[in-house]
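Values below: every heavy atom of this structure, side chains too, minus hydrogens, waters and symmetry copies. Computed from a predicted structure; not experimentally measured.
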Amino acid sequence: MILGLSRWWSLIGYLIASVITLPLVAILIQAALPAESVFGHLLNTVLPTYISNTLLLMFWVCLGAILIATPAAWLVAKCHFPGRGIFQWALLLPLAMPAYVVAYVYTDLLDYAGPIQKSLRSFFGWLTPQDYYFPEVRSLGGAAMMLALVLFPYIYLLARTAFMEQSSSLQHASRIMGCGPWLSFWRLSLPMARPALAVGVSLVAMETAADFATVSYFAVPTLTTAVYDTWLGYGSLSAAAKLSAIMLLVVFSMIGFERFARRKQQLFQKQTGEIKSVLYSLKGVKAFLATSYCTFLLVTAFLLPFIILLNYAWHYFDESWHAEFWEFSFNSLYISVIVSIIAALIGIVLMFICRVSPRKADLLPSRLSATGYALPGTVLAIGILVPLTYLDFAVNDLYEYMGQLGPGLIFTGSVFVLIFAFTIRFSAIAIGSVENSYKRISPSLDMVTITMGLSPAALLWRVHLPLLRKGIFAGMLLVFIECMKELPAALLLRPVGFENLATYVFQFVSDEQLEHGALAAIVIVLVGLVPLIFLNRSLEQHG
Amino acid sequence: MKIIANLLMLGLMCLSSVANAADKLTVYSYRQAFLIDPILRDFTKETGIDVDVVFSKKGIAERMMREGRLSPADIVLTSDFYRLMELVDKKLVVPASSALLKTNIPVQYRSPDDNWYALTMRVRTIYSSKDRLGKLNINYEDLADPKYKGKICTRSGKHPYNISLIASMIAHHGEVETKAWLIGLKANLARKPQGNDRGQVKAVKEGLCDIAIGNSYYLGKMLQDPKQVPWAEAVEINFPNQDNLGSHINVSGMAMAKYSRNKENALKLMEYLSGNKAQQVYAEVNMEYPVNEDVKPSALVASWGEFKADNLPIYKLAEFHHAAVRMLDEVKFDL
């Protein structure tokens, strides 16, 4: 679109992008510094295992999540069966559950001392672990299962929308040509939903690579835990930065994959005409199977862990109910709110520039800013601390130069560092959400506005914002949930005397005493539920 | 937009309130909140000095290095000896001394140049299944004996408690012998190293393994939690190497941060921590052996009996720490 957008807008865009890419640059610089002998030692001993663990985990989680999510998404989008209305939103609930909490609950349930193996032993008369085989929960496979259980909703959400948006005339055509539900799923729906699935898979893969708590609880060392250990165990920041660079390589190839997939998606989804599609009505055994499948998924991924949490919280209520609990909840809450607002503002500004700027170069900031999401929390923490520490010292030096007492660590020593980190990590979500909403606004509307003599700012304020409202809100909610759950960055960056729900709960998980932190875990889940339900409604109204 | 502006203001206010807490004491603690909080609350009650704590299991030294002269830390509390040495090595602490500290803490439990003070002691013990093995007269060296194949449980080798034990093995037996021992120990493990010391005792109770390596105070802590009493009751506590070198001892401790802006109050807190009241809490709440000789271990801890401690000077452990970490990677102990 051709519009006389002032250079100030571009400047703001580039400013935002350079702040967001700052950690990435810092890591690359750190990684280029010599790392004594630590890195070489790691390379010769444990690094190959870390890398293969990371890749294997990503593979299994993605495979698991796609196998779980696709049938559920298709059933909910295309079929009528009992409970469909509930499953439509309820299958998103696992997103509110931190993976390490689910992992803890299932370990308690499934390990040798848990009720399941115990009853098996007493039923079959087995005495020792050597008498029978039971898969080890605390293993790579176990971690993959736990992560797939909480991450599958990403794929479910995108696949469901893709299935729903598939034009019903195509479906009619396939029916006329004699395809039953199965055939039309295989030949039509699935291939057409492939780009959406690919986007979902890449999200799941990125989240898997970023997971710290589940793998560390399961003693499955991956690159993320290795970054943490190398930094704090060996005390070598540059070796940790080198590991981070490897990690980024893995994650950026996922993003390349996602971009590639999304390019194709546009071609497919432009055909969406009529939104209401004809649903297959499932009866008898088929309906029963559909309902059972979705129920099973909902119970294992959400209800069962949640009920066990409630049970823990009930029994340990007195230990967990204290003033600090409110403080931690408030900390989590206000940081999440602030970050979601900032992220939304960033999303709006960047996508607005992208849409109306006449300059090709103005597309770059939004692309660059989306890279923040690719930085797993541990990696991000390294990338942030280095430049912010410099900044802190610069400010204090300036004060001293002027003969005054410096303000201390105003950036790295306050919640600023957390807000900064979360904003960098999660802005991409808000940007994406605003971008999607923008696609639905016809460019002719912009042209009309301009011909009527309104300024770009007025165009944004009076035309775009009202139309983008839902998309912005949905993006903010997603950012909010992610902030409530984000752990590794919070663990490494939290300022003195600061604790939030995630760090508080994890402290108990790593101590194998989640019982005492169950109440806090429930708050994380509940606070996450409200946005999820809103989000689902806004998506449904979009079609 | 007004709401947004208000929220941003709120955020900035919270920000500045955290950054401006200057007259409080700030403690960086590797030790956990449930233990430290009650002691510090008492201290505030008695002296009126407010204390802020940041708890972290890892990375405090790295954090202080980065913060440099702007660091808000006044005192660091560590849960093991190596962390104390790390602080000294990285020049993050300053000597602190007072007559009271020297009376309260015996000479073998403080640095000769007043750089650090130990607060409590704990023994790296070997727990054995009451039913299957009973009380043992065992040495750490025996853990590599093939007769224990598939019977031993431990937490990650990379945990400071284990690193410190391995460092003491290197100090006594040299690297070659220790590496062979570590390989033997790994071969005897019933499962991949995981969980904490408590989890190992639970595994013994459930029959996953017969022997667990764990710190002494965990037994006491498990006896305080109704759910965990059965775990604790399933094991015997054994003090290893009683006929030769003695059991491996680790200490928790404290040091004054180099850039503390409130050294006077910081010293008061240090004195308080070495005093009878705080030491009593360490002994009763965490079931550790107090360093202050006026304070007795809790009745429960005393009931485990007397033992002979390894008399290897504690600073020796620090020399072998890196060798121990490397060795763990070399034998892929945790993988």
Among A:Arg494, A:Gln117, A:Glu499, residue most engaged with chain B (heavy-atom pairs, under 4.5 Å) |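 Result: the option with the highest number of such pairs is A:Arg494.
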
Out of A:Thr412, A:Leu491, A:Asn44, A:Thr389, which one racks up the most heavy-atom pairs below 4.5 Å with chain B?
->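 Answer, by heavy-atom pair count under 4.5 Å with chain B: A:Thr389.
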
Is it the backbone or the side chain of [X] that comes under 4.5 Å from a heavy atom of chain B, or both, or neither?
| X | result |
| --- | --- |
| A:Phe393 | both |
| A:Tyr504 | neither |
| A:Tyr50 | side chain |

So which heavy atom on A:Arg138 is nearest to which on B:Gly195, and how close?
->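 Scanning both residues, the minimum pair turns out to be NH1-N, 3.4 Å.
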
Determine the minimum heavy-atom distance between A:Ala219 and B:Pro193, stating which atoms define it.
->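 Minimum heavy-atom separation between A:Ala219 and B:Pro193: CB-O, 3.5 Å.
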
Report the distance from atom [atom1] of [X] to atom [atom2] of [Y], rounding to the nearest 0.5 Å.
| X | Y | atom1 | atom2 | result |
| --- | --- | --- | --- | --- |
| A:Lys118 | B:Glu206 | NZ | CD | 4.5 Å |
| B:Arg191 | A:Ser139 | CZ | OG | 12.5 Å |
| A:Glu515 | B:Lys227 | CD | NZ | 3.0 Å |

Within residues 325-335 of chain B, residues adjacent to chain A where the heavy-atom gap is under 4.5 Å |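 Interface residues of residues 325-335 of chain B: B:Val325, B:Arg326, B:Asp329, B:Glu330, B:Lys332, B:Leu335.
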
Quick one: which residues of residues 60-69 of chain B reach chain A at under 4.5 angstrom, heavy atoms only?
->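 Listed by number: B:Glu62, B:Arg63, B:Arg66, B:Glu67, B:Gly68, B:Arg69.
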
Student check: side-chain heavy atoms of B:Arg198 and A:Gln513 closer than 4.5 Å |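 Yes; the side chains approach each other to less than 4.5 Å.
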
For A:Tyr390, does the OH atom have more than 12 heavy-atom neighbours from other residues, nucleotides or ligands under 6.0 Å away?
->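 No.
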
Would you find more than 12 non-hydrogen atoms of other residues, nucleotides or ligands less than 6.0 Å from A:Arg469 atom CZ?
->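 No.
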
For chain A, which of B:Asn196, B:Val54, B:Asp225, B:Leu70 has the most heavy-atom pairs under 4.5 Å?
->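 Among the listed options, the one with the most contacts to chain A is B:Leu70.
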
Of the backbone (N, CA, C, O) and the side chain (C-beta and beyond), which part of B:Lys158 lies under 4.5 Å from a heavy atom of chain A, both, or neither?
->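 B:Lys158 touches chain A through side-chain heavy atoms alone.
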
